[in-house]
Every structure is written in C-alpha cells, then in structure tokens.
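Report on the following structure.
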Amino acid sequence: MGRLGQSRLSKWIERRRLDRCVAALALLFAVLALPLRTLVTHIYATTLPVVVGTAALLYLVSTRGDSYDTYPLPTFSAAGARLLETGVLLAVSLLFVLGGLLGQRTIMFLNVAGATGTVLLFQLFFVEDTDLRVPVVLVELLAFGFAIRFVGLYSVVGFIGIDVWTHVGFVQGIRQQNSLAAMETKYIAAPLYHLLVAVVSDITLLSQRNALYLTVGSALTLSSAMVYYGARQFVEARWALLAMALWLMSSQVVRWGLHLIPTSLGLAFFVPLVAYLVRYLEEYRPRDVGMLSLFVVAITLTHQVSAFVTLVVLGLAFAVQLVMDLVPFSFNEEPTGVKGILAFAVGVVALDWSLTPYSDGSFVEVMLQRLTNTLFRQVGLLEVSSSKNVASTAGDAGTSLLVKLIAYINVFGFLVLLLLTGIGMLCVLRYGNRTHGRLLEVNVVAVMSAFVLALPILGVSLFLPGRWYAFMYVPMVFLGVFGLRHLSARLDRRLMVLGVLLLVVSYPSIMLVSGAATLDSPVFESKQQRYAFTETEVDGARHIGDMIGGRLPPVYTDAPYTAVFRRTDSHLAGLVDVPRDSRARHDLVVYREYQTEGAPLVGGVNNSTRLSQVGQDRICSPTRSRLYTNGDVLLCSDGADG
C-alpha cells in the first residue's frame, strides 16, 4: 500500500474512533450476554456482562465531554495532607500492636486494616500534587503491606497453606545433605526458592521458618514498589502510587504473601520483569535487556508456572511488535524489537524443562502429553458445576444467602479491577495512546483472562489458572489507573467524586476479608476453610505419627488437616468418610475441635466431598477406644464402629 493509501486509511481509522467502536461493541455484547445467567450458575455469568457493560458505558459517556485543565477532584491543604500521613503511619503501628495483643488477625484487626487502606486511598485521591510526597507514601504502602502479611505469618504455628510444608521439607533435606539430591521432584531443576531459604538459614542461624519470611516474604512485599515504577511509564506519580496500592491490597497478592511457596517468589521476580519490559518498550533502553535476561533466568529457576506466564508475556510483546510493523500507520511510534529477548527466554525455559524430571519423563514431554490429552478429549461446554469453588454455583436458586454473599465478596475485588481495566483498555485504543507498552498490557490482560476465566469453564485446568490472578493483576492495575486518570479528567466531577468514594471505602475492606486473603483466619469460619493450624494440632499430628509408627495403617481425618500428617512425614493420612447422619467408617480416625467449629472437608458417598461440620460423636463415638489426646486432637480406634 502506498503512502497516500496509508494516509487515507489512517485518517479514516482516526475519524471512526476505534476506541468508541470497540466500546459500543462491548456494550452490545454485555446486553446480549445478560440472559447467560439463566443457563449458567457461575457467578461470572451474572457479573461479567454487568462489569463489561458498565465499563463501556462509562467510557462512552466520558468521551462526550471536554477534559478539565486542572485536577478535578477536591484536595486537602498541606496541613491536611500531613495529618493524613501521620494518621496512616499511626494506623499501621496499631496493626502491629493489635497483632501482638490479639495473637492473630481477628475481625477487629481486619476492620482496622480495611480502614487504614481506605485512608491510604483517600490520601492518594484527595491530596494536592505538590503535597503528595512520593517517598513518604511509598513507606506507608510498604509498611501497610508488611503489617497485613507478617502479622498473619507470625500468628500461626508452623506455616499457612499446604504446599509450603513440603517445600520447607525440601529445604531441610538440602541443609542436611548439602545437596540438591534431597529434592527428587521437578523442583530439582527449579531450586532457587529452596536454595535461598537454606543458605539464609545457614548464614544467619535463623530457623527455616524465619529465613523463609525474611527472604520470600520480604521479597514479595518489597516487589510491590516495582508496580509503582512500572506504572510511572504510563501515568504520573499519583496514579502510579494508586496502582501500587491497588495491587498491594488485592486478595490474590495477599494470598501469596501468606502462603509462601515458589509461586510467591516467582511473582516477586515477575513484577520487576514486567516493569523493566514496559520501560524497555516505552523508552528503548538497551541496558534493560540485561535486567530482563536476569529476571527470566531467576523465574525459570524458581517456578514452572511463573516461567510459562513469562513466556506468554514476552510472546505477546513480540506479537504486538509484528502487528505494529504490519500496520504502522495505525500507531503513534515505531515498535521496540523484542525478538532477541523472546528467543533467549524460550531457550532458557526449554533447556531447563527438558532437564527437569517429571513422572516417567521430562517436564516438557509429560506436559505436552497432558496438553494433547486435554485438547482432544471430549469437554462439555459450560461445565462449571464441576468446580468446587462456591462461585460456580452462586447463581443457583438453591444456594443459601450466606454462600452467595461469600462468593460475591471473593470476586468483588477482581470485578472492580476488571471494570477499571476495561476503561483503561478502551483508553489505550484511542489513536494517540497506542504505544507498544500499553498495547502489550491490553493483550496480556485479554489472553490471561482467557486462561483464568474461559479455560476453566471448558474444563481445562492444566495451566493452574487459579495461580494466574496475581500475575494478571500487574497489567490490570497499570491499565486500571490509566482508565481512572481518563475518567477523572472527563467525567462530571460530582459523579467522579461519588465513584471514587465508593472505591475508597469498599475496595480495601472487602479485598482484605475475602477468602484468598484470610487463609489463616477466615471471616466466615463455618463456610471457609482455615489453612493454618494451632500448636496442639501440629503437635498432635507429630505425636500420633510417633505413637503408631511405620506407614500403615493410615489414619483418617478432615482436610486440610490430612496435609500436616502427609507433608511432615508424620504418618500416612486419608480423608475421613462421614456419610450424612452417620458416623466415620474407618478404624483409625483423628478428631480435632475444628471439625465441630470450622469448615472441615470430609468424604461422603460415591467418593464425593463436602464442607460439613461433624461433631465428636460422629468421629470418635463413645464406643471407640481413645488412643491419644492432647485436649484438642483425639485419636480413636474401633473397626467395628460405624
């Protein structure tokens, strides 16, 4: 196509306003998708059309008016700004005091944390640019991040989560044998997490638990500052700080700050990788190639899922480059070449995975075989009912009001970020905003959304989509604040102030009480599982293992308590089978008070499982023999009972 033809087509595209065309199509799609809720019980069938439609409508309304010349929201005086800074720092200090006094993250602690997050966001929206001191706010955000995570980490005995027990066992094996041979799993080719904790524990003489918190826990929290750095490539300091705050408070990020496994360290490396990649695409600094290469290697040696996510991001950066090269008249600038970085990443990951032992072959061979089996097996469309997540049946008429409330709380933060992200994506499509870095973020969110939303509905869970959310939140907050900045400059001031106040009040509190952010102490104790254990529960598992000896017969108890037995090598444990209105059917059974008061997972008929409280009389009935008790944990035996 000649230059004249390109010029005419470019002007035609600009006149047609691609952003508004896409927004209109999104609004139409949202309206047409509303009846989907009658066919699918998943909560997203109800909420996603509303979110998409709202984002499109807000954007279309915002493009009708003129932009404000100055910051449109009301702001505090310099004295008010200093008062807010002091209030935040005092509130963060109070969080540490409450953690020490209460011994755990109680509802009171979470309420104070939510209020602190509200004041932080209020400060970011309503303080004048000249009075918003970036270093001070960065300190506030990092201190707040440490408070809501480390109070939880140190309030439990042992660790929060399940997989972490196995990984700490690998660390102990490395320290004892002085060799990676202690890990006879796929992690022998991705040992950075385990080596880091082992080396720090040996050098500092700290316990493995404290070494884990010092390294992985601190690294993930500190990496939040790189969200600010990456967002600064798109927006001013105020909005970049807001991006960091939204990411830091999000439930999925808090989740990996509590459950410290290789995913956590992979996420800590992924954030700076995206930040440097964005700067490289926006400003083209050749020296950033070295940093990107370093983070690619670090992620590859840490976690396979994180490495795959990294390949997806770099692959999309290259795809955007190709499109910009093919249709140069539709963009503002020349794309930055990423072919070399992508080739390096593919080579490193392919080499590492080909050397990674997994099942009866290499990691690459096994995963390709599983992918082939997944793609070519028959998958029922819209098979969301098979999901064990309460969100899959939240739209069912038979679902209780409390379960629906929990489901909406769990997805609220994601939907808010998705709303803001949708507006930001439409802003990027505007003719003057189409840069390589911004278009990359749009494509990353679109593709990752397919992995975390579409594939699970189709029954494909090979890529562990539940672990993608925190990674996806990085480009989402970048685009989200880009969209917020656009709305603040173009929407009616009264409407914008109302929307900001709703965001400021609701986002921190609801994010921090969701199930993903409260693994250690769920707010809804009877409906959400607790993935942390008391001192008597940990001691009980160890003493029972010592008392029984050997590997057989297994003991049967609820999940996740079974994990303490199995992953600490105390004893072989299985899920207790407790039919409704009946008693446990096994010989050796273990009861703990949580089974009566919490949300234990137990078995039922036809290998089904359910969250159900079961009293002591249904696990350790009076006719059974008591073999061990420590006041909370009880081991019983009687093959004839039940």
Could you point out which residue of Val51, Val52, Leu58 forms a side chain to side chain contact (heavy atoms under 4.5 Å, CB included) with Thr54? Leu58

According to side-chain contact (heavy atoms from CB on, under 4.5 Å), who are the partners of Arg238, at least two apart in sequence or on a separate chain? Tyr71, Asp129, Leu132

Could you state the interatomic distance from OH (Tyr473) to CG (Leu417), rounded to the nearest 0.5 Å? 6.0 Å

Kindly say whether Leu429 contributes a backbone atom to a donor-acceptor pair with the side chain of Arg434 at under 3.5 angstrom? yes

Minimal non-hydrogen separation, Val296 against Thr310, with atom names: CG2-CG2, 4.4 Å

Okay, side chain of His436, backbone of Thr336: is any donor-acceptor separation there less than 3.5 Å? yes

Value rounded to 0.5 Å, distance of NE2 in His259 from NE2 in His167: 7.5 Å

Side-chain atoms of residues 220-231: list all donor-acceptor pairs with protein atoms under 3.5 Å, sequence neighbours left out, distances to 0.1 Å.
{"residue": "Thr221", "atom": "OG1", "partner": "Gly217", "partner atom": "O", "Å": "3.1"}
{"residue": "Ser223", "atom": "OG", "partner": "Leu220", "partner atom": "O", "Å": "2.6"}
{"residue": "Ser224", "atom": "OG", "partner": "Thr221", "partner atom": "O", "Å": "3.0"}
{"residue": "Tyr229", "atom": "OH", "partner": "Arg279", "partner atom": "NE", "Å": "3.2"}
{"residue": "Tyr229", "atom": "OH", "partner": "Arg279", "partner atom": "NH1", "Å": "2.2"}

Measuring only between side-chain heavy atoms, which start at C-beta, is Leu258 closer than 4.5 Å to Tyr531? no

Is there a donor-acceptor pair under 3.5 Å between the side chain of Glu282 and the backbone N or O of Gly437? yes

Report the distance from atom CG of Leu273 to atom CG of Asp288, rounding to the nearest 0.5 Å. 11.0 Å

If you compare all heavy atoms of Arg209 against all heavy atoms of Leu153, which two are closest, and at what distance to 0.1 Å? NH2-O, 3.1 Å

Tell me whether His194 contacts the main-chain N or O of Ile188 through its side chain, where contact means a donor paired with an acceptor under 3.5 Å. no

State, yes or no, whether a side-chain contact exists between Met472 and Phe414 at a heavy-atom distance under 4.5 Å. yes

Quick one: side chains of residues 347-356, donor-acceptor pairs under 3.5 Å with protein atoms, not counting sequence neighbours, listed by atom name and distance.
{"residue": "Ser354", "atom": "OG", "partner": "Ala350", "partner atom": "O", "Å": "3.1"}
{"residue": "Ser354", "atom": "OG", "partner": "Leu351", "partner atom": "O", "Å": "2.8"}
{"residue": "Thr356", "atom": "OG1", "partner": "Asp352", "partner atom": "O", "Å": "2.6"}

Do the charged groups of Arg467 and Asp163 touch, with an N to O distance under 4.0 Å? yes

Say whether, by atom type as modelled, one donor and one acceptor occur between the side chain of Asp520 and the main chain of Ile160 under 3.5 angstrom. no

Beyond-backbone contact of Tyr213 with Leu206, side-chain heavy atoms, under 4.5 angstrom: no

What distance separates Phe344 CZ from Leu292 CG, expressed to the nearest 0.5 Å? 10.0 Å

Check the surroundings of atom OH in Tyr154: do more than 12 heavy atoms from other residues, nucleotides or ligands lie under 6.0 Å from it? yes

Closest non-hydrogen atom pair between Arg232 and Ala237, with its separation: NH1-N, 3.5 Å

When the ring planes of Phe270 and Phe471 are compared, do they come out parallel, tilted or perpendicular, using 30° and 60° as the limits? perpendicular

What heavy-atom pair brings Ala30 and Pro49 nearest, and what distance separates the two atoms? CB-O, 3.1 Å

Tell me yes or no: between the side chains of Arg175 and Gln172, is some donor less than 3.5 Å from an acceptor? no

Gap separating the CG atom of Leu420 from the CZ atom of Phe478, nearest 0.5 angstrom: 15.0 Å

To check you understand the geometry: which heavy-atom pair defines the closest contact between Ala189 and Leu301, and what is its length? O-CD2, 3.8 Å

How long is the straight-line distance from CG of Leu246 back to CG of Leu484, given to the nearest 0.5 Å? 7.5 Å

Check whether any side-chain heavy atom of His303 lies under 4.5 Å from a side-chain heavy atom of Tyr187, and answer yes or no. yes

Flag side-chain contact, heavy atom, 4.5 Å: Met425 against Phe482: no

Quick one: does any side-chain atom of Tyr280 pair with a main-chain N or O of Gly337 as donor and acceptor, under 3.5 Å? yes

Give me the atom names and distance for the closest heavy-atom approach of Leu124 to Ala245. CD1-CB, 4.0 Å

Any side-chain heavy-atom pair of Arg149 and Val254 under 4.5 Å: yes

With a 4.5 Å cut-off on side-chain heavy atoms, are Val312 and Trp468 touching? yes

Flag, side chain of Thr215 to backbone of Leu212, donor-acceptor distance under 3.5 Å: yes

Sidechain-backbone polar pair: Ser306 side chain, Ile299 backbone, donor-acceptor under 3.5 Å: no

So, do Leu512 and Thr518 sit near enough that their side-chain heavy atoms are less than 4.5 Å apart? no

